[in-house]
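Note sheet for the following structure.
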Amino acid sequence: MTTAARAQPATPPIFAAGAVKHAVEEILGPLGTAAPAAAFDTVGALRDRILGGERPQVTLLSAEAIAALSARGLVPADGVAEIGRTGVALGAPAGRPVPDIATPEAFRSALLAAETIAYADPARGATAGRHVAAVIERLGLTEALRPKLRLVSFGVEGVTMASRGEVSLAFSQATEIIDRPGVQLVGLLPDALQLWTVYRAAVVQDGPAARQLLATFQTEAARAAFARIGFRPG
C-alpha cells in the first residue's frame with residue numbers, strides 16, 4: 001500500500017451540528033476561499049468522532065455534548081461560548097396549507113393526516129431525531145406512523161426533502177427550517193412535547209487559531225446570524 005493510500009483525510013478545523021449549519025455558513029461566507037473547512041453532521045456523530053480521537057480546532061454542539069467532551073478533558077474550561085437555544089419544529093413544503101399543531105391533540109392529528117414525515121435517524125445521535133422518536137412513542141403512534149416515516153441521516157436532509165415536495169412534513173431543530181428556500185415553518189412542537197436544546201461553541205485543539213475561531217463565533221455579526229435562523233438567548 002502506498003503512503004498516499006494510507007493517508008487519512010485531514011480533520012476539518014470546525015465540527016458543527018446541523019442546528020447551526022446555516023449560521024456558520026453565513027459567518028464564514030465573507031472569508032471566501034480563506035474560510036476554514038467545516039464538517040456538518042448530527043451532534044452524536046461529531047461528539048463521537050472527537051471522543052474517538054479526531055481533533056477539530058473548534059466544535060459547535062449541544063451543551064450536553066460539550067459537557068461530555070469537557071468531562072473527558074477535551075475542552076478547556078475557558079474555551080466555551082454560548083450560542084443560544086432552539087426547539088424542535090415541523091417544516092412543510094412552501095405554499096401548501098399547513099396543519100394546526102398548537103396543542104398535543106392537534107399535533108397528533110396532523111401527524112396522522114400527513115402522507116409522509118421525515119426526521120433524522122435517532123441511531124445517528126441526532127438531538128431532534130431522538131426526541132421525535134420518543135414523542136411518537138409517547139403519543140402511541142409508533143405503529144400507525146411507521147409506513148409513512150422517512151428516516152434520514154441528518155435533519156437538514158429531511159428539510160431539503162420537504163423543500164422539494166418529497167415529504168409532507170419534516171421534523172428538525174427550528175434553526176434548520178427557518179428562512180430556508182422552499183420550506184415553511186409549520187411551528188414549534190407544543191410546549192408539553194417540546195425539547196429546548198442549548199448549543200455552545202468550544203475549543204478542542206487549543207491554540208491561537210482555535211481561539212480566533214471561537215472569537216469569530218462570538219462577534220456581533222455572528223450573534224445576529226444565529227438569531228436570524230431562530231436561536232434564542234440560552
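For reference, positions follow the sequence shown, starting with 1. The structure presented is a predicted model; accordingly, all values stated were derived computationally and were not measured. Values reported hereafter were calculated over all heavy atoms of this structure, with side chains retained and with hydrogens, waters and symmetry mates removed.
- The shortest distance between side-chain heavy atoms of Pro190 and Arg108 does not fall below 4.5 Å.
- By the side chain to side chain donor-acceptor pair (under 3.5 Å) test, Asp41 pairs with Arg124, sequence neighbours left out.
- Every pair passing ring-ring contact (aromatic ring centres under 6.0 Å, His included) that includes a residue from residues 197-224 is listed here, sequence neighbours excluded: Tyr199-Phe231.
- Here Thr142 contributes atom OG1 and Leu149 contributes atom CG; the two are 8.5 Å apart, rounded to the nearest 0.5 Å.
- Val183 is not connected to Val152 by any chain of hydrophobic side-chain contacts under 4.5 Å among Ile, Leu, Val, Met, Phe, Trp and Tyr, and they are in different clusters.
- The OG1 atom of Thr116 sits 7.0 Å away from atom CE of Met161, with the distance rounded to the nearest 0.5 Å.
- Judged as a salt bridge (charged side-chain N to carboxylate O under 4.0 Å, His left out), and not counting sequence neighbours, the contacts of Arg200 are Glu82.
- Thr175 contributes no side-chain N or O that, together with a main-chain N or O of Ile229, makes up a donor-acceptor pair within less than 3.5 Å.
- The two atoms that bring Ser62 and Val43 nearest to each other are OG-CG1, 3.6 Å, heavy atoms only.
- Considering all non-hydrogen atoms of both residues, Ala225 and Ala23 come closest at O-CB, 3.8 Å.
- His22 is linked by a side chain to side chain donor-acceptor pair (under 3.5 Å) to Arg180, counting only residues two or more places apart in sequence or in another chain.
- Residues Ile14 and Pro36 share a closest heavy-atom pair of CD1-CG, 3.8 Å.
- Shown here are the side chain to side chain donor-acceptor pair (under 3.5 Å) partners of Gln218, two or more places apart in sequence or in another chain: there are none.
- Expressed to the nearest 0.5 Å, how far CD1 of Ile177 lies from OG of Ser163 amounts to 11.5 Å.
- Under a hydrophobic clustering in which Ile, Leu, Val, Met, Phe, Trp and Tyr are joined whenever their side-chain heavy atoms come within less than 4.5 Å, directly or via other members, Phe40 and Ile178 fall into different clusters.
- In this structure, the side chain of Lys148 engages the main chain of Leu112 through a donor-acceptor pair within 3.5 Å.
- Arg49 is linked by a side chain to side chain donor-acceptor pair (under 3.5 Å) to Glu54, counting only residues two or more places apart in sequence or in another chain.
- Leu69 places a side-chain heavy atom less than 4.5 Å from the side chain of Arg47.
- Side-chain contact between Arg150 and Ile117 is absent, with no heavy atoms from C-beta onward closer than 4.5 Å.
- Among pairs with a residue in residues 118-170, none fulfils ring-ring contact (aromatic ring centres under 6.0 Å, His included), at least two apart in sequence or across chains.
- Gly158 and Val167 get closest at one heavy-atom pair: O-CG2, 4.1 Å.
- The structure places CG of Leu145 at 5.5 Å from CD1 of Ile136, a figure rounded to the nearest 0.5 Å.
- Ala19 and Gln173 make their closest contact through CB-CG, 3.9 Å (heavy atoms, listed as atom of the first residue, atom of the second, distance).
- Of all heavy-atom pairs spanning Arg130 and Pro122, the tightest one is CG-O, 3.7 Å.
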Between side-chain atoms of residues 84-92 and protein atoms elsewhere (two or more places apart, or another chain), which donor-acceptor pairs fall under 3.5 Å?
residue : atom : partner : partner atom : Å
Arg85   : NE   : Pro233  : O            : 3.4

- Query: For Val203 and Gln57, what are the C-alpha separation, side-chain angles and deciding distance, and is it a side-chain contact (heavy atoms from CB on, under 4.5 Å)?
  - Reply: CA-CA 6 Å; Val203 167; Gln57 293 172 4; over 6 Å; no
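- Under the 4.5 Å side-chain contact rule for hydrophobic residues, Val156 and Leu169 do not share a cluster.
- Listed by chain and residue number, Glu166 satisfy the salt bridge (charged side-chain N to carboxylate O under 4.0 Å, His left out) test with Arg164 (two or more places apart in sequence, or in another chain).
- With rounding to the nearest 0.5 angstrom, the CD1 atom of Ile83 is 4.0 Å from the CG atom of Leu60.
- Legend: residues meeting salt bridge (charged side-chain N to carboxylate O under 4.0 Å, His left out) with Glu115, ordered by chain and number and at least two apart, are absent.
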N/O donor to acceptor pairs below 3.5 angstrom from side-chain atoms of residues 95-107, sequence neighbours left out:
residue : atom : partner : partner atom : Å
Asp100  : OD1  : Ala102  : N            : 2.9
Thr103  : OG1  : Ala106  : N            : 3.1

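- Trp196 is not connected to Leu189 by any chain of hydrophobic side-chain contacts under 4.5 Å among Ile, Leu, Val, Met, Phe, Trp and Tyr, and they are in different clusters.
- Sorted by first then second residue, the salt bridge (Lys or Arg N to Asp or Glu O under 4.0 Å) pairs that include residues 215-230, not counting sequence neighbours, are Glu26-Arg228, Glu220-Arg223.
- A distance of 9.0 Å separates OG1 of Thr42 from CG of Asp121, quoted to the nearest 0.5 Å.
- Residues Leu188 and Val135 fall into different hydrophobic clusters, defined by Ile, Leu, Val, Met, Phe, Trp and Tyr side chains chained together at heavy-atom separations under 4.5 Å.
- Remark: the backbone N or O of Ala202 is not paired with any side-chain donor or acceptor of Thr59 at under 3.5 angstrom.
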